[in-house]
**Student:** 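Below is the structure I would like to discuss, written out as structure tokens.
Everything numeric in this text was worked out from a predicted model, so none of it was measured. The figures here come from the full heavy-atom set of this structure, side chains too, leaving out hydrogens, waters and symmetry mates.
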Amino acid sequence: MSSDKSSDQVEENHVPQPERPSREDAEEAVRTLLRWAGDNPFRPGLLGTPNRVVRAYEEYFRGYSQNPYELLGRTFDETDGYDEMVILKDVPFASHCEHHIAPIIGKAHIAYLPDIKVVGISKLARLIEVYGKRLQIQEKMTAQIANTLNSVLEPKGVAVVI
């Protein structure tokens, strides 16, 4: 598999991507939810809330703007016969459940047995972050990380535990 996949190609369901709403549309949606909850989005304490919520969503879901295959694009072949497992444990992550948009906080562990290519250890933590910063379920995130590592590095084996 090529390592120049786009985020659209990574999605397993191949569902067409709808047009992205404007920032103004997103802020209006927050105002709608505030009204639905029974409050007045135009009262002084809530005036800035739509903007703050949209900025927070930009942070929570920044993984959609990052391509995990490009992240792992720089690999190294200079392994000098290294034949031990590469392991990164206890990487904290924060994500959001795709069913309720409720926070998911946990730790991830990655291991792979290199064949020819290796990647800098910090890239493994960033790979967890890219997939964590998307609406997720634990099982999907685990598979996405493992499949991306397998595709790019072509190791002898991969293990991911969330």
**Student:** Between Thr75 and Val118, is any pair of side-chain heavy atoms under 4.5 Å apart?
**Tutor:**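 SC-SC contact between Thr75 and Val118 ruled out.
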**Student:** Restricting to non-hydrogen atoms, name the atom on Tyr131 and the atom on Ile145 that form the minimum distance, rounded to 0.1 Å.
**Tutor:**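 Smallest interatomic distance, heavy atoms only, reads CD1-CG1, 3.8 Å.
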**Student:** What are the two closest heavy atoms between Leu34 and Pro41, and how far apart are they?
**Tutor:**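 The pair with the smallest heavy-atom distance is CD1-CB, 4.0 Å.
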**Student:** With the side chain counted from C-beta on, respond yes when Val160 and Tyr112 share a heavy-atom pair under 4.5 Å apart, and no when they do not.
**Tutor:** no
**Student:** Got Asn150 and Pro155 here, is their nearest side-chain heavy-atom distance under 4.5 Å?
**Tutor:**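 Counting from C-beta outward, Asn150 and Pro155 do come under 4.5 Å.
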**Student:** Answer whether the closest heavy-atom distance between the side chains of Val91 and Ile110 falls below 4.5 Å.
**Tutor:**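 A side-chain contact is absent here, since even the closest heavy-atom pair is not under 4.5 Å.
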**Student:** Does any part of the side chain of Met141, heavy atoms only, come nearer than 4.5 Å to the side chain of Ile128, both counted from C-beta?
**Tutor:**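 Yes; the side chains approach each other to less than 4.5 Å.
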**Student:** Shortest non-hydrogen contact from Ser151 to Tyr69?
**Tutor:**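 Heavy-atom minimum between the residues: OG-CE2, 3.6 Å.
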**Student:** Would you give the length of the straight line joining atom OG of Ser95 to atom CD1 of Ile101, rounded to the nearest 0.5 angstrom?
**Tutor:** 11.0 Å
**Student:** How long is the span from the OG1 atom in Thr148 to the CG atom in Leu124, to the nearest 0.5 Å?
**Tutor:**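 Between Thr148 OG1 and Leu124 CG, I get 11.5 Å after rounding to 0.5 Å.
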**Student:** Hey, what do you get for OG (Ser122) to CG (Leu127), rounding to the nearest 0.5 Å?
**Tutor:**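 Going from the OG atom of Ser122 to the CG atom of Leu127 covers 11.5 Å.
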**Student:** Kindly give the heavy-atom pair with the smallest separation between Ile121 and Ile87, and that separation in Å.
**Tutor:** CD1-O, 4.2 Å
**Student:** How many angstroms lie between CZ in Arg31 and CD in Glu27, if you round to the nearest 0.5 Å?
**Tutor:**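 If I round to the nearest 0.5 Å, the distance is 5.5 Å.
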**Student:** Between CG of Leu113 and CG of Leu153, what distance do you get to the nearest 0.5 Å?
**Tutor:**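 The CG atom of Leu113 sits 11.5 Å away from the CG atom of Leu153.
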**Student:** Determine, using the 4.5 Å side-chain heavy-atom cutoff (strictly less than), whether Met85 and Val161 are members of one ILVMFWY cluster.
**Tutor:**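 No, it is not one cluster - the side chains of Met85 and Val161 are not joined through contacts under 4.5 Å.
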**Student:** Does the side chain of Val130 reach to within under 4.5 Å of the side chain of Arg62, using non-hydrogen atoms?
**Tutor:** no
**Student:** Parallel, tilted or perpendicular: which one describes the rings of Phe61 and Tyr64, with boundaries at 30° and 60°?
**Tutor:**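 Taking Tyr64 first and then Phe61, their aromatic rings sit tilted (interplane angle of 30° to 60°).
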**Student:** Search all heavy atoms of Arg134 against all heavy atoms of Pro68 and return the closest pair with its distance.
**Tutor:**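 Between these two residues, the closest heavy atoms are NH2-CD, 3.7 Å.
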**Student:** In sequence, state the C-alpha distance, the side-chain angles, and the governing distance for Glu98 and Lys140, and then conclude on salt bridge (Lys or Arg N to Asp or Glu O under 4.0 Å).
**Tutor:** CA-CA 10 Å; Glu98 67 183 28; Lys140 184 167 97 174; 3.0 Å; yes
**Student:** Test side-chain contact (heavy atoms from CB on, under 4.5 Å) on His96 and Lys133; report intermediate values, then the result.
**Tutor:** CA-CA 8 Å; His96 286 81; Lys133 296 295 183 183; over 6 Å; no
**Student:** Test side chain to side chain donor-acceptor pair (under 3.5 Å) on Arg52 and Thr49; report intermediate values, then the result.
**Tutor:** CA-CA 5 Å; Arg52 287 188 293 272; Thr49 297; 3.1 Å; yes
**Student:** I need the His109 NE2 to Ile162 CD1 distance, nearest 0.5 Å.
**Tutor:** 8.0 Å
**Student:** Can you check salt bridge (Lys or Arg N to Asp or Glu O under 4.0 Å) on Glu129 and Lys123, steps first, answer last?
**Tutor:** CA-CA 10 Å; Glu129 183 175 310; Lys123 301 292 188 196; over 6 Å; no
**Student:** For Phe93, does the CZ atom sit with more than 12 other heavy atoms under 6.0 Å from it, leaving out its own atoms?
**Tutor:**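 Enclosed: over 12 neighbouring heavy atoms sit under 6.0 Å from CZ of Phe93.
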**Student:** Could you go step by step and tell me if Glu139 and Gln144 meet the side-chain contact (heavy atoms from CB on, under 4.5 Å) rule?
**Tutor:** CA-CA 9 Å; Glu139 296 81 2; Gln144 288 170 327; over 6 Å; no
**Student:** Salt bridge or not for Arg35 and Glu28, using N-O below 4.0 Å?
**Tutor:** yes
**Student:** Determine whether Lys117 and Glu154 make a side-chain contact, defined as any pair of heavy atoms from C-beta on separated by less than 4.5 Å.
**Tutor:**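 Touching, per the 4.5 Å side-chain cut-off.
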**Student:** If I compare all heavy atoms of Leu88 with all of Ala125, which pair ends up nearest, and what's the gap?
**Tutor:** CD2-N, 3.7 Å
**Student:** Do Leu72 and Leu149 make a side-chain contact, defined as non-hydrogen atoms from C-beta onward lying under 4.5 Å apart?
**Tutor:**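 Leu72 vs Leu149: side chains touch.
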